[in-house]
Amino acid sequence: MSLAIQEQVSLRAYNTLAVDVRARFFVAVDSLEQLQAALLWAQQQDIAVLLLGGGSNLVLAADLDLLVIHLQLRGIQVLDEDANFARIEVQAGENWHDFVQWSLAQGLSGLENLSLIPGHVGAAPVQNIGAYGAELQDYFESAWVYDRQTQQPQRLTKAQCQFAYRDSLFKRESGRRVILSVIFKLPKQADLRLDYGDLRGYLAQQQISAPTPQDVSRAVCAIRAEKLPDPQQLANTGSFFKNPVVSAEHAEQLKQRYPKLVCFAQADGQSKLAAGWLIDQAGWKGHRQGDAGVHAKQALVLVNYGTASGQDILQLAAQIQADIRERYGVELEIEPNVLG
Ligand SMILES: Cc1cc2nc3c(=O)[nH]c(=O)nc-3n(C[C@H](O)[C@H](O)[C@H](O)COP(=O)(O)OP(=O)(O)OC[C@H]3O[C@@H](n4cnc5c(N)ncnc54)[C@H](O)[C@@H]3O)c2cc1C
């Protein structure tokens, strides 16, 4: 099998932060056979590999001396269905939002709150994508993966994927397993989750009293478009920091000092703080250093106004982390994958 491996490829068009670094080698694959051939080639060259989807959760800090494998496996298939559920297998290279819209058009629900999240289906389990009170794991059944250690395809159940907040087995053992396809079990009867963010308020404003999953999807899209910059217009990688989890005592102390602190009690007794609120209160919103900046409407999003490098973005992030540590005694963890 011949592989079209290119050399010294600019990754600017392949990451939504629009950072201009080069990959020493680059190949697009659209089948398991091509993937195996690309992995074998990298092994023979003794060179590392980066698995690339839509590039919307990456910070590329330097040129990459490795083989980038752009996963382009396509296809959506209904495996089986009954009166209540349908099981759908989606190949890794499908666009996430397009798949969500496809599922809603089939009369299936569950994914509406995750509308408009950029990227590919294959990367969605990596950080267990979440938004508006929903997470990928809610309707995830299993995934076909290629295990680079055993060199075998393997089906992993939800329990085996060890999903947690913006985390999974795939993130913890980064690069070991290539997600080939994801199987979802989607309900035909909607069980809408409207208690998060401005969803209820937005639907009431639109005078929608009995929303359908498609109404919720449209609401999520409208609210997101209002708050988050479109990477096509202003390069960014979504939320730059995870929401930090602190002890209940720590949250209580902060609440005494900052009565408007945004915090959510967790099942384990700890408290999750809104990282965006902390950064906003610290005065960073709209701050700009050269072409690296904090978005003017959403303090959790770092943006590239044009020629910022990955290092410029990371330097700004480090300043924010130090400030938040000093002010609130809280550690902010970077959410996207940092490379190079
Ligand atoms: C404007 C904006 C808004 C966002 N909003 C949200 C949000 O609301 N919630 C949320 O959770 N995230 C959000 N994100 C982050 C991002 O969209 C998700 O993390 C998405 O799942 C990344 O998909 P991708 O295909 O772009 O992954 P990439 O950036 O290409 O890759 C991300 C990681 O996954 C690995 N990977 C990619 N494909 C595979 C595969 N097939 N098998 C194994 N590993 C793989 C990569 O090596 C890398 O480590 C947002 C990003 C942007 C730019």
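Both counts, for ligands and for their atoms, begin at 1 and track the order of listing. No hydrogens, no waters, no symmetry mates; every other heavy atom, side chains included, goes into these values.
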Does any N or O atom in [X] lie less than 3.5 angstrom from one in ligand 1, N or O only?
X	result
H120	yes
S239	no
A92	no

Mark up the atoms of ligand 1 that fall under 4.0 Å of a heavy atom belonging to [X], in ascending order.
X	value
G119	23 (O), 24 (P), 25 (O), 26 (O)
L52	30 (O)
T16	53 (C)
T237	51 (C), 52 (C), 53 (C)
G53	25 (O), 30 (O), 37 (C)
V126	34 (O), 44 (N), 45 (C)
G55	24 (P), 26 (O), 28 (P), 29 (O), 30 (O)
G130	7 (C), 8 (O), 9 (N), 10 (C), 11 (O)

Starting from [atom], what is the nearest protein heavy atom, named by residue and atom, and what distance separates them?
atom	answer
atom 29 (O) of ligand 1	N57 N, 2.9 Å
atom 13 (C) of ligand 1	I117 CG2, 3.8 Å
atom 42 (N) of ligand 1	I179 N, 2.8 Å
atom 32 (C) of ligand 1	N337 ND2, 3.7 Å
atom 43 (C) of ligand 1	R177 O, 3.4 Å
atom 5 (N) of ligand 1	R224 NH2, 2.8 Å
atom 23 (O) of ligand 1	A123 CB, 3.3 Å
atom 46 (C) of ligand 1	L51 O, 3.0 Å

Taking the six-membered ring of [Y], is NZ or CZ of [X] closer than 6.0 Å to its centre and within 45° of its axis?
X	Y	result
K185	F85	yes
R193	Y132	no
K171	F163	no

So does [X] pair up with [Y], basic N to acidic O under 4.0 Å?
X	Y	value
E141	R87	yes
R74	D30	no
E333	K242	yes
R325	E331	yes
K188	E81	yes
R22	D63	no

Q.
One residue to check: A131. Relative to ligand 1, which of side chain, backbone, both or neither has a non-hydrogen atom less than 4.0 Å away?
A.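 Just the side chain.
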Q.
At under 4.0 Å between heavy atoms, is it the side chain or the backbone of L50 that contacts ligand 1, or both, or neither?
A.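 Answer for L50: side chain.
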**Q.** Polar side-chain atom of E112 near backbone of G110 as donor-acceptor pair, under 3.5 Å
**A.**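 Yes; judged by distance alone, with no hydrogens or angles, the pair exists.
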Ring geometry between [Y] and [X] (parallel below 30°, tilted from 30 to 60°, perpendicular above 60°):
X	Y	result
F99	W96	perpendicular
Y14	H70	perpendicular
Y196	F264	parallel

Q) Are R166 and ligand 1 in contact, using a heavy-atom cut-off of under 4.0 Å? A)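 Yes, that is the case, since the closest heavy atom of the residue is under 4.0 Å from the ligand.
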Q: Counting heavy atoms only, name the option from K242, Q127, Q232 that's nearest to atom 10 (C) of ligand 1.
A: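 It is Q127 whose heavy atom sits nearest to atom 10 (C) of ligand 1.
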Q | Nearest candidate to atom 52 (C) of ligand 1, where distance is taken over non-hydrogen atoms, out of S174, A134, G238 | A |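 Heavy atom nearest to atom 52 (C) of ligand 1 belongs to G238.
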Q | Closest non-hydrogen atom pair, H295 against K285 | A |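 Of all heavy-atom pairs spanning H295 and K285, the closest is O-CG, 3.4 Å.
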